[in-house]
Amino acid sequence: MTQVTSRWHHVVATAIGAVVFALLYQVTAVDSRYAARQAVLRETSAVPSPGARLRFSATAYCKGDVTASGVWPRTGVAAADPALLPVGSVIQVVDQPPYTGIYTIMDTGPMVQGRHIDLYMWSCTEALAFGRRAVDVTVLRLGWNPRTSTSGLLQSRPLPQTTVPTPK
């Protein structure tokens, strides 16, 4: 009789352990899905600020006259919605090479609204091949004010020390 009771206790304890394990696993899985959704929500709806890493839609353009800032378009120039990234902002775009790099927002346009940037490319063939794609954008400076820059995002190297020979 004691063996039957002992086995019964083992079966009940194992069943309770399995149920507790399954519930804890389910809670952990739900929490990780919630955290992933929150991360995506932050990337797609956060307000741009220096140091923020955001998800944008990117296209490319190749023709144009003087930009909204008064300069001619050239490599390293991008257009953005001035409500999100004002003219003068500096961003770092993370995409496939050779498009990864630092761009300055120097242009705006009626087609560039919301979380959309338009990168200038010299070649129209290359701009057409670029198409529309999602890119990660890190805001390095917001507008022209250098005080709205982030410090420490880019590695800086000290200038080499040179010694000036003294006349004899």
Side-chain angles (χ1 to χ4, degrees), residues 24-163:
L24 286 175
Y25 178 78
Q26 186 176 5
V27 166
T28 303
V30 168
D31 284 347
S32 64
R33 278 189 239 126
Y34 175 76
R37 276 196 309 269
Q38 290 300 318
V40 168
L41 184 63
R42 252 182 274 120
E43 277 187 348
T44 58
S45 65
V47 176
S49 62
R53 185 179 179 131
L54 308 165
R55 177 71 83 176
F56 273 71
S57 169
T59 55
Y61 71 104
C62 61
K63 293 183 179 179
D65 290 330
V66 177
T67 63
S69 64
V71 300
W72 287 94
R74 61 183 177 276
T75 303
V77 167
D81 185 351
L84 288 176
L85 294 171
V87 172
S89 297
V90 179
I91 59 173
Q92 181 176 19
V93 174
V94 178
D95 191 44
Q96 302 169 13
Y99 309 115
T100 294
I102 308 290
Y103 292 86
T104 304
I105 305 300
M106 301 294 273
D107 206 359
T108 61
M111 301 301 292
V112 186
Q113 297 296 317
R115 290 185 173 274
H116 179 80
I117 58 173
D118 209 4
L119 308 176
Y120 178 79
M121 294 180 187
W122 182 82
S123 166
C124 290
T125 306
E126 186 179 8
L128 285 171
F130 184 84
R132 178 181 295 268
R133 59 178 78 174
V135 294
D136 290 323
V137 171
T138 302
V139 179
L140 302 178
R141 183 180 73 206
L142 205 55
W144 291 110
N145 188 354
R147 292 191 178 160
T148 60
S149 299
T150 57
S151 60
L153 277 182
L154 298 175
Q155 297 292 330
S156 62
R157 292 177 294 204
L159 294 173
Q161 296 293 331
T162 58
T163 56

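Note that the structure is a prediction, hence the values are computed from the model and not measured. For the single chain, residues carry numbers from 1 onward in sequence order.
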Would you check if [X] and [Y] make a side-chain contact, meaning some heavy-atom pair closer than 4.5 Å?
X	Y	answer
R132	H116	yes
D136	R55	yes
I105	P86	no

For this session: Could you please spell out the steps behind the side chain to side chain contact (heavy atoms under 4.5 Å, CB included) verdict for V135 and I117?
Result: CA-CA 9 Å; V135 294; I117 58 173; 4.1 Å; yes

Exercise. For the atom pair NZ (K63) and CH2 (W122), what is the distance rounded to the nearest 0.5 Å?
Worked result: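 K63 NZ to W122 CH2: 12.0 Å, rounded to 0.5 Å.
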
Exercise. Out of curiosity, F130 CZ to T125 OG1, how far, rounded to the nearest 0.5 Å?
Worked result: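 The distance works out to 15.0 Å.
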
Exercise. For the residue pair A127 and C62, what are the closest heavy atoms and their distance?
Worked result: CB-CB, 4.1 Å

Exercise. Which atom names give the shortest non-hydrogen contact between A78 and Y103, and what distance separates them?
Worked result: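 That closest heavy-atom pairing would be CB-CB, 4.1 Å.
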
Exercise. For D118, what residues pass the side-chain hydrogen bond (donor to acceptor under 3.5 Å, both in side chains) criterion, not counting sequence neighbours?
Worked result: T59

Exercise. Of T104, I91, I102, which meets side chain to side chain contact (heavy atoms under 4.5 Å, CB included) against L140?
Worked result: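 Exactly one pass, corresponding to I102.
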
Exercise. Given L142 and L85, is the side chain to side chain contact (heavy atoms under 4.5 Å, CB included) satisfied, shown in steps?
Worked result: CA-CA 7 Å; L142 205 55; L85 294 171; 4.0 Å; yes

Exercise. Can you pull the salt bridge (charged side-chain N to carboxylate O under 4.0 Å, His left out) pairs that have at least one residue in residues 85-99, sequence neighbours excluded?
Worked result: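 Those involving residues 85-99 are D95-R133.
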
For this session: For residues 66-98, pull every pair meeting ring-ring contact (aromatic ring centres under 6.0 Å, His included), keeping only residues two or more places apart or in separate chains.
Result: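 Of all non-adjacent pairs touching residues 66-98, none passes ring-ring contact (aromatic ring centres under 6.0 Å, His included).
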
Among all residues two or more places apart in sequence or in another chain, which pass the side-chain contact (heavy atoms from CB on, under 4.5 Å) test with [X]?
X	result
D107	Y61, T67, A68, A79
L84	P48, R115
E126	P98, Y99, M121, S123

